[in-house]
There are 2 protein chains.
Amino acid sequence: MAGIEDVARLAGVSTATVSRALSGKDVVSEKARQKVEEAARELGYIASHSAYTLATGRNRNIGVVMPYVDRWFFSSALEAIESTLIEHGYDLTLYNMSGGAEQRKKIFTDFLLRKRVDAVITLAVHPDEEELAQLDKMKKPIIAIGGQVHGARSLSMNDHDAGKLATEHLLSLGHTRVANISGAVKTDREFNQADKRREGYLEAMHEAGLETRKNWLVEADYTAQGAYKVAKQMLGDPKNSPTAIFANSDEMGFGAMMAAKDLGLRVPEDISVIGIDNHDMAELFGLTTIDQNVRAQGAEAARLLISVLSDPTLDSHVNVEEDVEWPVSLLIRSSTARPAVGAR
Amino acid sequence: MAGIEDVARLAGVSTATVSRALSGKDVVSEKARQKVEEAARELGYIASHSAYTLATGRNRNIGVVMPYVDRWFFSSALEAIESTLIEHGYDLTLYNMSGGAEQRKKIFTDFLLRKRVDAVITLAVHPDEEELAQLDKMKKPIIAIGGQVHGARSLSMNDHDAGKLATEHLLSLGHTRVANISGAVKTDREFNQADKRREGYLEAMHEAGLETRKNWLVEADYTAQGAYKVAKQMLGDPKNSPTAIFANSDEMGFGAMMAAKDLGLRVPEDISVIGIDNHDMAELFGLTTIDQNVRAQGAEAARLLISVLSDPTLDSHVNVEEDVEWPVSLLIRSSTARPAVGAR
DNA sequence: CTGAAAGCGCTTACAG
DNA sequence: CTGAAAGCGCTTACAG
């Protein structure tokens with residue numbers, strides 16, 4: 001465990017010169033640099049991170065906060081965030097908020113603020129005003145994915161428009177009996193994402209002059225299994241069954257497709273299904289969807305944050321509201337088509 | 001950003017007493033403790049982590065290294081590891097090795113060894129001798145999930161036995177034409193997990209005196225999509241089609257089931273399918289599987305590591321080989337059944 | 001271009 | 001039980 005002293009001694013220079021040579025941020029003679037580099041290599045020197053942090057106040061570490069890590073959206077975004085950060089020499093400390101309010105508080109105060117991270121990325125987590133004020137006081141910039149945060153940077157898709165677009169795709173095919181499987185989980189309380197997607201659906205239906213029956217408006221927990229159950233009920237109803245389903249996520253779309261098939265209904269001949277996400281298995285299912293390119297979204301958020309961190313004038317505007325709308329696109333596969341003649 | 005000095009001043013004691021009172025590890029008079037706690041609360045004092053680390057050499061941070069984070073096995077294990085660690089007051093720094101050999105080296109030296117972590121958990125990553133020696137020199141214990149590591153602690157299922165058990169389940173139902181979809185990805189080069197599962201399959205077939213045709217031994221990339229393609233080829237073969245498929249993972253099992261259905265084959269009447277994992281969607285698919293309880297496995301590994309770290313005599317045996325075999329169980333659902341009469 | 005030295009904010013033997 | 005002080009291992013103004 002060679003320290004900077006050892007390197008200095010071996011190279012025949014002071015520790016100051018070692019530090020300068022190795023960081024590359026200051027002027028050092030070529031000769032000194034070479035001696036230092038050789039000595040460092042020979043000793044297998046690796047700078048102590050805590051000493052660096054204590055001396056500079058910088059961590060080169062980003063905290064990432066999310067409500068789940070074992071769900072597709074979150075793990076996909078995390079993968080991209082991590083790759084981007086490591087590329088730029090940053091570490092990533094993961095905080096999973098599955099533990100409820102108490103744990104959340106602990107994370108925001110004890111952990112995040114223990115001066116361990118330089119900045120924070122939240123996924124589908126809405127920091128409240130107090131949390132934001134704390135972060136601001138500590139000069140930690142934050143960027144939110146999955147919804148806008150008053151007073152902070154964010155990157156997110158337009159959920160309302162996505163819901164509307166998905167619905168309009170079905171309407172344009174000639175469907176009039178369109179149902180919506182919305183989401184209803186913890187995540188949602190943070191940003192009302194589910195509500196917004198449904199609002200988009202309702203707006204599209206309304207603008208087309210179509211009715212929306214009560215039993216076309218159902219909810220599930222964003223899982224395939226949850227959606228399977230509600231879809232089966234809905235599709236089995238002899239009087240009210242829809243000819244198309246807009247599911248708030250692809251996983252719920254999978255569940256709806258499986259429910260249809262288990263009832264002997266053909267997709268898309270008897271029932272059309274559209275989701276949101278472009279999940280890894282969506283192609284296999286042939287699911288038409290709104291592609292939100294989650295990995296690119298995560299990478300972009302990480303990049304944004306890094307560029308914010310490297311702004312030397314950052315102190316004056318650590319957290320300012322700046323909302324980037326992430327573009328999505330309609331990806332048509334084989335789960336949607338014109339309704340069968342006579343259906344209705 | 002109140003420091004320990006501020007607290008000391010407000011409480012009217014020395015910084016040494018503040019440190020003792022707050023850590024709770026040393027004797028402090030009740031009166032002093034109260035004054036300190038109040039002062040700390042009033043100032044919103046949070047100890048600097050880097051100063052703590054620099055002074056003590058401890059990080060309270062665990063590095064977790066894995067080849068993917070956006071695949072089910074890894075994200076599920078990660079979820080459990082993170083929850084367990086945070087419960088015990090540890091942070092988790094994530095290292096995703098998707099970047100190839102160069103990045104791997106960087107992670108093991110630059111990052112892990114930068115004295116940022118107290119210990120390491122690897123998932124389906126086999127540290128080589130040099131990496132292990134480095135870690136050992138730095139007194140960082142390591143625990144591997146997903147395969148045994150010579151000279152280190154590990155926790156993993158018995159892949160050979162799992163492959164055999166899955167196959168025997170099919171044989172016990174009367175199948176004689178059993179195929180295996182094995183895996184072949186980066187992960188595998190680390191531990192030959194796929195080979196071991198296949199060996200178990202081959203052993204079961206051999207012991208039952210059954211032949212294993214060449215086109216029953218196929219490979220895919222552990223994804224549903226990859227397995228779909230190979231399963232479709234196999235099932236469509238008029239002369240060689242099997243009556244049962246053992247897939248090395250549930251996701252590949254899903255792909256096989258979908259391929260069968262798309263060919264008009266019924267599961268399990270025409271074709272039985274068994275996987276390994278008990279993936280979140282396995283119940284929905286009705287897939288019979290070998291449940292390896294990934295989340296519990298991750299939590300157990302984290303717990304083991306924490307107990308290793310809290311052993312005061314640790315220095316003498318930082319990394320010793322200690323292999324824990326993680327138990328698995330056969331979980332029978334509706335994708336496996338006796339072969340149809342006349343099939344063959 | 002380089003070095004001596006202060007300082008980052010804690011912990012912990014040591015002495016009392 | 002408590003405090004003064006050294007020490008953890010870096011970085012960086014300051015002076016030369």
Expressed in angstrom and rounded to an integer, what is the separation of [X] atom [atom1] from [N] atom [atom2]?
| X | N | atom1 | atom2 | value |
| --- | --- | --- | --- | --- |
| A/Ile46 | D/dC10 | CD1 | C1' | 15 Å |
| B/Arg116 | D/dC10 | CZ | C1' | 14 Å |
| A/Glu5 | D/dT11 | CD | P | 13 Å |
| B/Leu54 | D/dC8 | CG | P | 9 Å |
| B/His49 | C/dC10 | NE2 | C1' | 11 Å |

Inspect the surroundings of CD in A/Glu321 and state if more than 12 heavy atoms from other residues, nucleotides or ligands are less than 6.0 Å away.
-> yes

Please confirm whether the shortest side-chain N or O distance from [X] to OP1 or OP2 of [N] is below 4.0 Å.
| X | N | value |
| --- | --- | --- |
| A/Tyr45 | D/dC10 | yes |
| A/Arg33 | C/dT2 | no |
| B/Arg20 | C/dC10 | no |

Could you name each residue pair satisfying ring-ring contact (aromatic ring centres under 6.0 Å, His included) that touches residues 118-145 of chain A, not counting sequence neighbours?
->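 Residue pairs with at least one partner in residues 118-145 of chain A: A/His126-A/Phe191.
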
Interface with DNA chain C, restricted to residues 7-19 of chain B and to heavy atoms under 4.0 Å = B/Ala16, B/Ser19

With both pairing distances under 3.5 angstrom for Watson-Crick or G-U wobble, and | for a partner in another strand, the correct string for DNA chain C is |||.||||||||.|||

